[in-house]
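Data first, discussion second: the structure below is written as C-alpha cells.
Numbers for residues simply follow the sequence, beginning at 1.
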Amino acid sequence: METDAAYKIAVERQVRARMADVAASHPGVRTRGLDWVVREGKTELASAGLYPLRAARGWAASLVVQCPTALAFCGTWADGSVSTQPNPDLLMATMSSAHGMPGFAGHSGVIVRAGTHDADALAAHLVDRLAAAALARALAWREVPVALVDDVVAHAAFYAWPLQTVLYIATRNGLRADDPRLRDALQRRAIMRRGQRDQTLVQRVLPA
C-alpha cells in the first residue's frame, strides 16, 4: 500500500486537475495551487480553496474576499469602526473548520482522508464540497447581486465591516434605505452593532 504522504500527493494532484476543469467553465476564474481565484480583469476579487490540516490528516475549505472597490467603500464609510480582520486587505475570510462555511464536512468542517486510499474518489468529493460551499459565494463578488446581503447576514462575524458591506451592496444595486430587501439585515444586531449611530450612518449613505 502507498504511504500516507504519497496518497496525499496523489489526492492533491487529482484535486488540482478537477479544479482546473471547473475553472475552465467560469470566465475570470483561475486555479492557483489548491485555490480558485476569481478575477475581474487583473484584479483579484475572491478566492476559494482547500487548506491541508496535517494533524487532522485532512483538508478544510477556505474562502477569502478582497474586493478592492468594496474595501475602499467600507473604509470611506467606516465611521470610526475598526476592521475585524487582522489583515487590513481582506473584506472577509473564513474557513470551514471555523464554522464559517456550513455544509463542507459535518460539524468539524474537515474532510479526513479515507481509509480506502481511493485518491480519485476523495479528490472528487473535496472539489464537489468546495464548489458547493464556497465557489458560488466567491463568484458573486463579480456582479455583487442583492442576494449577497444574505451572505453578510449569515456570516457577519467573518466580515471586516458587516454594515458597511451591506451598504456597499445596496449602493451597487441602487437600493434605498427602506427597500424591503434590506429590512431584515438592517434589523439584525450582528449588522447594526452600534444602534442609533448605525441608523444614522444608513441614512447618510443610502438615499431616502
Side-chain angles (χ1 to χ4, degrees), residues 26-30 32 35-49 51 61-102 133-208:
H26 295 286
V29 177
R30 300 289 183 270
R32 182 174 61 207
D35 289 339
W36 282 306
V37 179
V38 177
R39 292 177 178 168
E40 191 68 62
K42 294 183 178 180
T43 302
E44 210 168 287
L45 302 179
S47 61
Y51 186 84
S62 65
L63 176 63
V64 172
V65 178
Q66 61 264 60
C67 179
T69 55
L71 272 171
F73 178 96
C74 290
T76 297
W77 292 103
D79 192 36
S81 295
V82 178
S83 169
T84 63
Q85 287 291 333
N87 184 338
D89 295 325
L90 298 183
L91 182 70
M92 191 273 276
T94 188
M95 293 185 68
S96 58
S97 55
H99 308 294
M101 301 170 67
L135 184 56
R137 290 169 67 186
L139 285 168
W141 286 95
R142 297 187 67 185
E143 302 298 330
V144 194
V146 176
L148 259 178
V149 170
D150 295 335
D151 190 75
V152 181
V153 170
H155 305 99
F158 301 102
Y159 277 87
W161 288 283
L163 172 59
Q164 286 80 358
T165 305
V166 168
L167 296 178
Y168 170 74
I169 297 165
T171 301
R172 281 285 302 259
N173 288 278
L175 304 186
R176 296 179 179 274
D178 60 356
D179 192 291
R181 289 170 289 183
L182 296 177
R183 185 174 296 121
D184 180 62
L186 298 182
Q187 292 177 349
R188 294 293 187 104
R189 180 69 178 271
I191 304 297
M192 308 293 288
R193 297 174 177 176
R194 303 180 304 170
Q196 185 56 49
R197 184 172 176 180
D198 281 344
Q199 293 284 359
T200 301
L201 180 62
V202 171
Q203 296 302 322
R204 286 173 57 202
V205 177
L206 299 183

Open item on the list: Using a 3.5 Å distance criterion without hydrogens, assess whether the side chain of Gln85 forms a donor-acceptor pair with backbone atoms of Ala160.
Closed with: no

- [ ] Say whether, by atom type as modelled, one donor and one acceptor occur between the side chain of Arg181 and the main chain of Val149 under 3.5 angstrom.
- [x] no

Using every non-hydrogen atom in the two residues, find where [X] and [Y] come nearest and quote the distance to one decimal.
X	Y	result
Leu90	Ala93	CD1-CB, 3.9 Å
Ala134	Leu63	O-CD1, 3.8 Å
Arg193	Pro162	NH2-CG, 3.4 Å
Ile191	Ala156	CD1-CB, 4.1 Å
Gln164	Ser81	NE2-OG, 4.1 Å

Open item on the list: Under the rule for side chain to side chain contact (heavy atoms under 4.5 Å, CB included), what residues qualify as partners of Gln187, not counting sequence neighbours?
Closed with: Arg183

Could you state the interatomic distance from [atom1] ([X]) to [atom2] ([Y]), rounded to the nearest 0.5 Å?
X	Y	atom1	atom2	answer
Trp161	Leu71	CH2	CG	6.5 Å
Asp178	Leu206	CG	CG	9.5 Å
Arg32	Glu44	CZ	CD	4.0 Å
Cys67	Met92	SG	CE	12.0 Å
Asp198	Met192	CG	CE	5.0 Å
Asp184	Leu186	CG	CG	9.0 Å

Could you go through residues 169-177 and list every donor-acceptor pair under 3.5 Å that involves a side-chain atom there, pairing it with any protein atom two or more places apart or in another chain?
residue	atom	partner	partner atom	Å
Thr171	OG1	Leu167	O	2.8
Arg172	NH1	Tyr168	OH	2.9
Asn173	ND2	Val144	O	2.9
Asn173	ND2	Ile169	O	2.8
Arg176	NH1	Ala208	O	2.2

TODO: Using a 4.5 Å cut-off on heavy atoms from C-beta on, say whether the side chain of Phe158 contacts that of Val65.
DONE: no

Open item on the list: Is any side-chain heavy atom of Arg142 closer than 4.5 Å to one of Val38?
Closed with: yes

Open item on the list: So, applying side-chain hydrogen bond (donor to acceptor under 3.5 Å, both in side chains) with Tyr159, which one of Thr165, Asp151, Thr94 is it?
Closed with: Asp151

Task: CD (Gln199) with more than 12 external heavy atoms under 6.0 Å - done: yes

